[in-house]
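Working notes for the structure below.
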Amino acid sequence: MRMSHLFGRTLREAPGDVELPSHRLMLRAALIRPLGAGIYSLLPLGWRVVRKIEQIIREEIDAIGGQEMLMPVVHPADIWRESGRYQAVGPELTRFQDRSERDMVLAMTHEEIVTDLARQEINSYRQLPMLVYHIQTKWRDEPRSRGGLIRVREFTMKDSYSLDLDDAGLDVQYRNHWQAYERIFRRVGLDFVVVGADTGMMGGTASHEFMALSPYGEDIVLICSNGDYADNREVATFAREAPGDEAPLPLDEVETPNATTIQALADYLDIPLSRTAKAVFYKGDSGRFVFVVIRGDLEVNETKLRKATGEGGFTPASVEEIRAIGAEPGYGSPIGVRDAVIVIDESVRDSPNLVAGANRVGWHTRNTNPGRDYAPDIVADIAAAEAGFPCPKCGAPLTAERAIEVGNIFKLGTRYSKMLGAEYLDAEGMSHPIFMGSYGIGSGRVSATVVEQHHDERGIAWPASVAPFDVSLLWIGGSEDTAPREAADALYDELRAAGIDVLYDDRPERAGVKFNDADLIGNPIRLSVSARTLERGEAEIKLRTESESVFVPLAEVVPTVQGMLAQLLLALSGD
RNA sequence: CGGGGUGUGGCGCAGUCGGUAGCGCGCGGCGUUUGGGACGCUGAGGUCGGAGGUUCGAGUCCUCUCACCCCGACCA
């Protein structure tokens, strides 16, 4: 590609309101342009990157038996009604009507469609297992998009779907995807961890996320410093200390003026936070009042609470609502409240004689004990894991890291096949639901994440596997000496003839402009010729990630570049 | 959806007390220059996000509205 004809020019300055390095650099390097909030065009350079990423994905999914296909972006609403998601999913699912006023939706994922196809195409156990996938546009009307391609509303995703006889078959395909995903993310040059995750709106029985570590990540992962445990903070657990063996002491009300926070209470009574019971009040989506009790040194994890209660979500309860159940904000106690679901964390079950509120202003109660003093409706792990907490496997301290979710694998089980009636007949002629799995990678998000992990103050430094071009070629010199330009023209032809992708900066620009653009766009190899190099019949070759360059005779440029590329790619090989 | 912010030429920005819309970069032409974002001359490009209002007069004041960005809520 000749830069003089490249569609999309580089920007010296990015729009002032962008924050993330990847967002800024992808705009400046002419990879993407915004159309609306969370909606982007991929310019030729950006599209080349995404296509390379998708090709790597394709190769690895094909290698585990995937069959590529293509499913529609627009779905009749009925199929989503069948799965129950038409009702269950909020406004991020865009609903509209066609000209005949039929309800339609824009695809945000394709479980329903695969399941519908499976019930038509799969009849016999002889046809399973099966793995299908496509790389296709998704629309999710996020409440808030952010950060360029990191979080968008319209995006392209590779989603694959496995179909199996039983749970054991699903296990195999799940593991296959796990390994394929590890190869994919290694090949594109990402530093990542795999963590256990919540299944969220997908439903199903298990889920793992592939998390690229980045200070700009939206998720927090907890990782054991020994390397034997990693989970998304949404589901992360930690080693709990053994239950206290103190004998229960009698309840004892104590005056605690102005101690409306746990910290104030602990300070006033001169006790550690872990000797207090904190009351947290929620209103569940179902309308139930959820009264949470957790030890004062811990925080509530709402994802865990959602699972424990079966509520879809929570809003903080108002002062009026709290008083209506007989509790007092700031001095809340589960003792004596009515019309509330009482949920206690395991920490409260296992810690005798905690100080709780007394449900009247200015007073707390010592020595509260669930079971004796009040009856919890639910006892569960609803505590948020934090950095420094002990690993649930080995007890070593956990670390917390920010991360970007680049891939996600789900065991759906029979959640969709049962609802939509996707069944097969076994050898005895008995009907069984198909076991399904669902596996996604956002290719655009991967491209932005690679930029987050591979850039410096000058621009992007693409891993060779996904760079828009292998080589940035440029000539330096004035208009009167045509030799550099002619030498570069010749190299351009030679390199292309050898199958190397070249971005040729053939513009009559000064050296600084060309060098800066080459650094900004970030192809892995920079090749330059000038009067100075031609004096010795040489070209200059520099890796984007190195500060030193090498000089090679013109005749050796192609094999040298080929060797360098092979080496760069080898370092990124998935194995 | 809550909180905050920004909308002025392609990009970055200035515009005071309400008085004929500017600067830098970029873009076209000519010339000089030519190894890390050159210089001179010259030129094109703006219904100041939109609507309504106040005023002799609105980029500037008021009301409404739209868009985008950031934080949160939410989210695979």
Side-chain angles (χ1 to χ4, degrees), chain A residues 8-20 23-24 27-28 30 33-40 85 89-93 107-111 138-148 150-153 155 157-159 197-204 207-211 216 218-219 232 234 285 302-303 306 312-316 404-410 412 438-442 445 458-459 474-482 484-485 505 507-520 526 528-535 539-540 542 547 549 551:
Chain A
R9 61 176 67 248
T10 57
L11 307 175
R12 289 201 184 185
E13 293 173 286
D17 51 13
V18 309
E19 299 283 322
L20 295 203
H23 190 191
R24 190 173 62 246
L27 287 169
R28 285 194 56 213
R33 291 290 181 258
L35 179 63
I39 310 175
Y40 284 86
R85 287 161 118 190
V89 178
E92 59 269 28
L93 176 65
M108 57 190 297
T109 174
H110 283 78
E111 282 76 15
K138 303 288 181 286
W139 171 260
R140 297 186 187 179
D141 196 358
E142 295 286 340
R144 183 178 162 224
S145 55
R146 64 178 282 266
I150 294 289
R151 180 172 206 76
V152 289
R153 295 193 293 169
F155 60 101
M157 183 163 94
K158 184 289 298 175
D159 37 328
D198 183 40
T199 50
M201 74 152 187
M202 305 293 290
S207 166
H208 285 85
E209 292 169 337
F210 291 72
M211 292 293 206
Y216 291 97
E218 299 186 273
D219 289 277
N232 192 307
E234 291 176 345
D285 279 357
E302 287 191 18
T303 304
R306 214 153 47 207
F314 303 95
T315 47
I404 301 167
E405 179 193 336
V406 287
N408 196 316
I409 57 179
F410 291 93
L412 299 173
S438 148
Y439 316 86
I441 295 178
R445 182 184 283 185
R458 301 193 146 277
L474 55 95
W475 57 269
I476 298 159
S479 49
E480 79 292 344
D481 179 8
T482 57
R485 174 164 209 153
D505 195 342
R507 301 171 302 173
E509 292 287 350
R510 297 166 66 89
V513 172
K514 294 188 179 184
F515 285 145
N516 279 305
D517 272 347
D519 287 343
L520 175 61
R526 190 188 79 194
S528 40
V529 290
S530 66
R532 231 163 67 185
T533 71
L534 290 177
E535 262 174 38
E540 175 186 354
K542 184 183 158 304
S547 51
S549 46
F551 293 84

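Letters A, B, ... are given to chains in the order of the sequence lines, protein chains preceding strands, and every chain is numbered from 1.
Of all nucleotides listed (B:A73, B:A76, B:G36), B:A73 comes nearest to the side chain of A:Pro143. Closest to the side chain of A:Glu19, from the set B:C69, B:G36, B:C70, is B:C70. Checked against B:A76, B:A73, B:G37, the side chain of A:Arg28 finds its nearest nucleotide in B:G37. The side chain of A:Arg9 lies closest to B:C27 when the candidates are B:G37, B:A73, B:C27. For A:Ser530, whose side chain is taken as the heavy atoms from C-beta onward, the closest listed nucleotide among B:C74, B:G35, B:A38 is B:G35. In the set B:C70, B:G36, B:G35, B:G35 carries the atom at the smallest distance from any side-chain atom of A:Ile476. For A:Ala37, whose side chain is taken as the heavy atoms from C-beta onward, the closest listed nucleotide among B:C68, B:G35, B:U34 is B:C68. In the set B:U33, B:A76, B:G36, the nucleotide with an atom closest to the side chain of A:Phe410 is B:A76.
Remark: B:A44 base-pairs with no nucleotide; criterion is Watson-Crick or G-U wobble with both hydrogen-bond distances under 3.5 Å. Under the Watson-Crick or G-U wobble criterion, with both distances below 3.5 Å, B:A38 is paired with B:U32.
When heavy atoms are screened at a 4.0 angstrom cut-off, A:Asp519 is found touching base atoms of the nucleic acid. Nucleic acid contact class of A:Gly478 (heavy atoms, under 4.0 Å, all strands): base. At the heavy-atom level, A:Arg153 lies nowhere under 4.0 Å from the strands shown.
Rounded to whole Å, the C1' atom of B:U55 lies 35 Å from the corresponding atom of B:A44. Comparing B:G28 with B:G9, their C1' atoms sit 15 Å apart, to the nearest whole Å.
Remark: ring of A:Phe155 stacked against base of B:A76; centroid gap under 5.5 Å, plane tilt under 30°.
Residues forming a side chain to side chain contact (heavy atoms under 4.5 Å, CB included) with A:Lys542 (at least two apart in sequence, or on another chain): A:Arg526, A:Ser549. Listed by chain and number, the residues in a side-chain hydrogen bond (donor to acceptor under 3.5 Å, both in side chains) with A:Thr482 are A:Glu486 (sequence neighbours excluded). For the ring-ring contact (aromatic ring centres under 6.0 Å, His included) test, residues two or more places apart in sequence or in another chain that qualify with A:Phe314 are A:Tyr282. Residues forming a side-chain hydrogen bond (donor to acceptor under 3.5 Å, both in side chains) with A:Glu19 (at least two apart in sequence, or on another chain): none. A search for side-chain hydrogen bond (donor to acceptor under 3.5 Å, both in side chains) contacts involving A:Arg507 returns A:Asp505, A:Asp517, not counting sequence neighbours.
For the pair A:Arg12 and B:G26, the criterion of a side-chain N or O lying under 4.0 Å from OP1 or OP2 is met. Residue A:Arg146 places no side-chain N or O under 4.0 Å from the OP1 or OP2 atom of B:G72.
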Distances for protein N/O vs nucleotides 10-12 of chain B N/O pairs under 3.5 angstrom?
unit_1	atom_1	unit_2	atom_2	d
B:C11	O2'	A:Glu13	O	3.1
B:G12	OP1	A:Gly16	N	3.1
B:G12	O2'	A:Glu13	OE2	3.2

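Rounded to whole Å, the distance from CH2 on A:Trp139 to P on B:A76 is 17 Å. Separating the CD atom of A:Glu480 from the P atom of B:G31 is a distance of 15 Å, rounded to the nearest angstrom. In this structure, A:Glu92 places its CD atom 16 Å from P of B:A73, rounding to the nearest Å. What separates CD1 of A:Ile150 from P of B:C69 is a distance of 14 Å, to the nearest Å. If you measure from atom CG of A:Leu20 to atom P of B:C70, you get 7 Å, rounded to the nearest angstrom. Atoms CZ (A:Arg485) and P (B:G35) sit 16 Å apart, rounded to a whole Å.
RNA chain B is contacted by both A:Glu218 and A:Gly147; A:Gly147 maps to the nucleotide lying nearer its 5′ end (nearest heavy atom per residue). Residues A:Glu209 and A:Asp517 each lie close to RNA chain B; by heavy-atom proximity, the contact nearer the 5' end of the strand is made by A:Asp517.
Electrostatic pairing of A:Glu540 and A:Arg532 does not count as a salt bridge here, judged by no charged N lying under 4.0 Å from a carboxylate O.
Proximity of a side-chain donor or acceptor of A:Lys514 to a complementary backbone N or O of A:Pro508 within less than 3.5 Å is not detected.
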Show your working on salt bridge (Lys or Arg N to Asp or Glu O under 4.0 Å) between A:Glu92 and A:Arg153 and close with a plain yes or no.
CA-CA 9 Å; A:Glu92 59 269 28; A:Arg153 295 193 293 169; over 6 Å; no
